[in-house]
Every structure is written in C-alpha cells, then in structure tokens.
Amino acid sequence: MQQLKGIGASAGVAIAKAYRLEEPDLTVHQKDINDPETEVKRFEEAIHVSKQELEAIKEHALKELGQDKADIFSAHLLVLSDPELLNPVKDKIKSDKVNAEFALKETATMFVTMFEAMDNEYMKERAADIRDVTKRVTGHLLGVDIPNPSMISEEVIIIAEDLTPSDTAQLNRQFVKGFATDIGGRTSHSAIMARSMEIPAVVGTKEATKTVKNDDLIIVDGISGDVIIQPSEDEVKAYQKKHEDYLAQKAEWAKLVDQPTVTKDGVHVELAANIGTPEDVKGVLENGGEAVGLYRTEFLYMGRDQLPTEEEQFDAYKTVLEKMEGKAVVVRTLDIGGDKELPYLQLPKEMNPFLGYRAIRLCLEEQEIFRTQLRALLRASTYGNLKIMFPMIATLSEFREAKAILLEEKEALVAAGTDVSDSIEIGMMVEIPSTAVIADQFAKEVDFFSIGTNDLIQYTMAADRMNERVSYLYQPYNPAILRLITLVIEAAHKEGKWVGMCGEMAGDEIAIPLLLGLGLDEFSMSATSILPARTQLSKLSKEEAASFKEHILSLSTTEEVVDFVKKTFQQN
Ligand code: PEP
Ligand code: MG
C-alpha cells in the first residue's frame, strides 16, 4: 500500500481500478530504411487498425454521446481514406527511403500548415482532423497507446497530470467513479467539474501519475484528500464504511431538500447552484437548489472542434430555463481563457493566460462570437427567469460596452418580431480587485453583482489558482478579501441592488457565517454543498452574525478570523 496526499476537491469515497489519462510521447525520429515496400505495408496496416478503432469509437460515441460527437469521428475516418493524404506519404517512403512515421509527420505537417493558413473555417477544421488522425496512426506505428477516455466501459478512477475542462466534458459519467490529479487546487476547473458531476476527486497530489500504474486498485478519498494505492482488504473495508457513512450523512441533509433556506432568526437566504451543462440541472433540483447562480456557458464551447451555433446554444439555454421552472438562472457569457482553452480558436500562446486575452476581453474583440451567444440567450429568455452577467469585467467601459451590445441585439430581435423578455437583469462578476474597489461606481449601472472569489482571491493574493505550490495563498478568510467583499455588498445595497457569490467560498463552512453577517443575498455553490449549507444556515442567526461585522473586519490575519469563527459560531 502506498498513500498520496492531495487536496480534497469533491467529497465522497471511490474505490476502483486506475485508468491513466496521459498525453502519449509521440516523438518521431527520421530513420533510413532499406525495404520501402515493407514500410508501406506497415503504414497501411497502421491505417487499417486506426480505422477499425475509429469505427468502434464512432459507434460508442453515437450511443453514449450523440450524433454531434460521432460526427467528429466520421470526419476522422474520411481523412484516413483520403488518397490526397495517404499517397504522398507512401511516395515519400519510397522516394526518400524513410520510415513511415517520419513520412507521415512531414506530409501531415505540410497539409496542416497549408489549411490553417487559409481564411476558411472549413479548412481549419480539416487541419484539426488531420492533426488528430496523425496522432492516432503515429501511435500505432510507434506501438504507443493513445487513451480514448470516451471509450471507457468499466468503473475506473482517472489518474492524470491535470484534467482540462474539455477532457472532463468527454468523460463518461457512468463509469468514471473518481479522479486524482498531480496539479490543481480547490478552485481549478477540474475540481469544480468533479463537484458538479458528484464524483469524489483529489487534486494536487503532485505525483499520482508517477506512482500509479494502469489497473492498480485505488481509493480516492475526496473528503480527506488521500489517495491509497493497492490498499489491503482491511483498508478497502474501512473506506467502504467511510463511503457508507458519507451516504448516510447525505441522506440526513436530504431531508431539507424541499425546505426554503431560513436562518434561526427567520431570514430567508437564497441558496443557488453553479452549473456547467444543462444535464447539471438535475443535480441542482435533487439537492434543493433555489436558483442557478452561475451557468458557466463556456463548457458548451468545449470538447468539440468548432463554435456552437446560435441554435445549439438556444436549445441549451432554453432547456435550463425550462427545467428550472421560473426559478432564477444567472447565465454568464463566455469566459474562455486561463485554464479553459478552445483549441479551435487558435489563439496565440500567452505568457500569463490568466491575465491575458480572455473572457469579456475576447468577446468585445471577437464580437460575432459574443453576439451569437447574446442572441441565443435573448431568444431563450421567454422560457424562464433569465439574468445575464459578464465575466472578468475590469473597467466600467467594458461593462458599458458589453451591455450596449446586448441591448443592440435585443433591439434588433424585437424589431424583427422575436419575443424577448422585458425583465432580464444585467449584472457582472466581481472577480478583479479593481471592480471591488470602485464597486460604488459600478453599483449605479448594474442590476446585480456576483462575486467570483476563485479569481478575486487569485488576483488579490497574486497566487495562481492552478498551482498547488501556492495554494496556501488561496485565503478566502483573509481580511483583505473580506474587506473587498464588504465594499461590494455595501455599495450594492446602497443602490438597492443584490449581491450573490458564485466562487467556491460561498459554500465554505467557515465562510458562511462571515458572509451572512456581511449581508450577502445569494450564495451560489456546487449543488452538493447546498444541503450542508442549508443545515448550517438554519442554525445561525443573521442578526448575531451581523453584530460581529466590525470586529471581524478589524482582525489582521486569516488565522485570527478562523479562530474567531470557530469560537463564536461552531458550537451553535
Ligand atoms: C470565480 O472566479 O470565482 C468564478 C466563479 O468563475 P470561474 O471559477 O469559472 O473562473
Ligand atoms: Mg472566474
């Protein structure tokens, strides 16, 4: 037995075999060969096996993931049958007497470069197909396994350096029982996805990929952050018991599922959930969510090879609004960048992606992408209670410009006779310190704020949220953060506006009494945190919590704040 320590990112215990999801090493070297005919045969054999594999993946994708995903593999199959690509590879093997993988790499690179340079979306997609297919064929030529996460068909725990949101989007929820990664913190997107998929996860173990082999039996304890490799029978039993206890605790919380969230002194607080896909709404309702406080729409754009159309987006937004049956749904416009990449947009690599060209900055520049999303949202607005907010706003002029574009699109739709709701609130995320500091200015122009503490803390403390080495600086209770939050809440209330929080802090047991006392109106969290939070809030008095506000804001360190909360609230 071996044990790794990481950060518990999603509660629960999972026990299953390990499945390593890793980028294979496909380094190709040029080699001279004597027998080109045999080499061509080897190439043809690799094409043949790749085709069989893709047929199987396509079938599986069609059954499990739908036509859209299956179409991606049909396109790959077409590439594998295209003589325009295959013949030049064979010719090169024969004329230059080089190995098949090298001839393929040279030929594919030439096509990819040529197609990518064209100002034509269709050709750019073909370049992406060629790149993917080349990877698969090269893997076969080199004898290196290419992982196919969408093909997993038995219960597994994923082991990876990191899971990007698009990797996560492709995982089959039925079979993936948990995951453990080398990097990441509580607010990295892999952790957030695990919570919305309700699967146990441990991130930031530093060496899971070094230590765990495929098919090792693994225990992931998302409560304590432990990963146990090849456990003994007794350990398996002990963790099964822990898993059952956790389920029993969940059943206890579940008793509050149809209850409103009311504090001990009778104040209603709104408990909302964060979602990434329309499928997540099921978990929101099962966990008694009173609203969707953050719909991260970027997941609609991921795990695919082109932008979603207006129609596809309209369907997704309409589904969420309808399923929520008139409860508020706060949709955040596209927040791409940082750890959320869209390879098909082919944005240049940046030195500091979290501080770079992302979210609203990109949307204001690439307006067609933004306007398409806004039209889809506006058209869906009549199916429920829609609120729209913009991510990563740094300046008032960004907010004004985004809002003006939204109103322009609304006007155009109305002029064309399309129904659009008249009561859509327009708000913004507060996740850049500059906006918190002058929240009084913003409060005059927004309908609401939603505080994104995952980024607000990252930017205030200058500590990358993906880097486990600086994860000690993720300090939600640091007085600097609490004072910024106070500025936002006070400024909003002065203008009669409401304030939510959709960063992970909103569901944190220590933070909840603090935020209640500071006057936060809406708490939006992972669906699985809602019932524990409701239980906790029912035991707290808002008036009492508010009476400590001044004292808490006068404290000087995180430790002092945590001590105070533990002493004052936890015996309740
Ligand atoms: C945040 O930054 O707190 C937030 C909710 O947005 P995301 O985690 O998607 O960056
Ligand atoms: Mg953010």
Side-chain angles (χ1 to χ4, degrees), residues 9-10 162-166 168-169 184-196 203 272-277 280 291-302 329-342 352-363 387-394 398 402 427-436 448-467 471 473-478 481-482 484-485 488 499-508 511 515 520 522-527 529:
S10 176
D162 182 28
L163 279 175
T164 63
S166 79
T168 329
R186 244 196 91 71
T187 62
S188 58
H189 284 94
S190 51
I192 291 170
M193 287 292 274
R195 287 194 286 279
S196 76
V203 297
N274 298 344
I275 63 168
T277 68
D280 293 342
V292 167
L294 165 65
Y295 176 4
R296 289 184 164 94
T297 55
E298 47 280 5
F299 294 110
L300 251 173
Y301 293 67
M302 293 175 173
V329 175
V330 182
V331 179
R332 174 175 77 187
T333 59
L334 182 61
D335 181 11
I336 214 65
D339 63 334
K340 294 176 284 194
E341 289 177 42
L342 287 188
N352 291 300
F354 275 105
L355 300 180
Y357 181 58
R358 54 173 300 199
I360 200 68
R361 303 166 184 187
L362 183 145
C363 284
K387 302 175 198 290
I388 298 177
M389 66 177 172
F390 305 119
M392 298 291 297
I393 295 284
E398 282 173 346
M428 59 178 263
M429 304 266 304
V430 177
E431 45 191 347
I432 298 183
S434 64
T435 57
F448 67 93
F449 288 126
S450 185
I451 307 176
T453 45
N454 304 340
D455 279 320
L456 185 64
I457 298 170
Q458 138 163 288
Y459 296 133
T460 306
M461 308 296 287
D464 183 345
R465 66 195 263 190
M466 295 294 292
N467 184 342
S471 63
L473 286 169
Y474 173 72
Q475 295 190 357
Y477 334 112
N478 186 297
I481 303 297
L482 298 177
L484 286 177
I485 292 170
V488 179
V499 186
M501 178 178 288
C502 58
E504 292 304 307
M505 180 177 179
D508 180 294
L515 298 170
L520 189 73
E522 177 235 43
F523 295 62
S524 191
M525 55 192 72
S526 306
S529 301

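From a predicted model like this one, the values you see are computed outputs, not experimental measurements. Start at 1 and go down the list; that is how both ligands and their atoms are numbered.
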Below 2.8 Å of the Mg ion (ligand 2), tally up the protein N/O/S atoms for me. 2
Hey, which atoms in ligand 1 end up nearer than 4.0 Å to a heavy atom of C502? 5 (C)
Only heavy atoms count here, so choose which of N454, I432, L294, V430 is nearest to atom 1 (C) of ligand 1. N454
Has D508 got a side-chain atom pairing as donor or acceptor with A511's backbone, closer than 3.5 angstrom? yes
Any M429 heavy atom less than 4.0 Å to ligand 1: yes
Taking the side chain as every heavy atom from C-beta outward, state whether E504 and N274 have any pair of such atoms under 4.5 Å apart. yes
Applying a 4.0 Å heavy-atom criterion (strictly less than), which segment of E504 is in contact with ligand 1: side chain, backbone, both, or neither? neither
Please find the pair of heavy atoms, one from G452 and one from C502, that lie closest to each other, and give the distance. CA-SG, 4.4 Å
With the side chain counted from C-beta on, respond yes when R358 and D335 share a heavy-atom pair under 4.5 Å apart, and no when they do not. yes
R296 side chain near I275 side chain, heavy-atom distance below 4.5 Å: no
Rounded to the nearest 0.5 Å, what separates atom CZ in F449 from atom CD1 in I393? 11.0 Å
Heavy-atom side-chain proximity of R361 to E398 below 4.5 angstrom: yes
Is it the case that ligand 1 has an N or O less than 3.5 angstrom from some N or O of L456? no
Heavy-atom nearest neighbour in the protein, as seen from atom 6 (O) of ligand 1, with distance rounded to 0.1 Å: R332 NH1, 2.9 Å
Short list, please: which atoms of ligand 1 are under 4.0 Å from a heavy atom of E431? 1 (C), 2 (O), 6 (O)
In the structure I gave you, are the side-chain heavy atoms of F354 and M466 within less than 4.5 Å of one another anywhere? yes
Checking Y295 against D280: is there a side-chain donor and acceptor pair closer than 3.5 Å? no
Ignoring angles and geometry beyond distance, decide whether R358 reaches within less than 3.5 Å of ligand 1 through its nitrogen or oxygen atoms. no
Please confirm whether R465 approaches ligand 1 to less than 4.0 Å, judged on its heavy atoms. yes
For K340, counting its heavy atoms only, list the atoms of ligand 1 lying under 4.0 Å from any of them. 9 (O)
R296 heavy atoms, cut-off 4.0 Å: which ligand 1 atoms fall inside? 4 (C), 5 (C), 6 (O), 7 (P), 8 (O), 9 (O)
Could you tell me whether M525 approaches ligand 1 through its side chain, its backbone, both or neither, with non-hydrogen atoms closer than 4.0 Å? neither
Can you check whether I192 reaches N454 side chain to side chain, under 4.5 Å on heavy atoms? yes
The single option from I432, T435, I451 that satisfies side-chain contact (heavy atoms from CB on, under 4.5 Å) with L456 is I451
If we ignore hydrogens and angles and just use 3.5 Å, is the side chain of R332 paired with the main-chain N or O of T297 as donor and acceptor? no
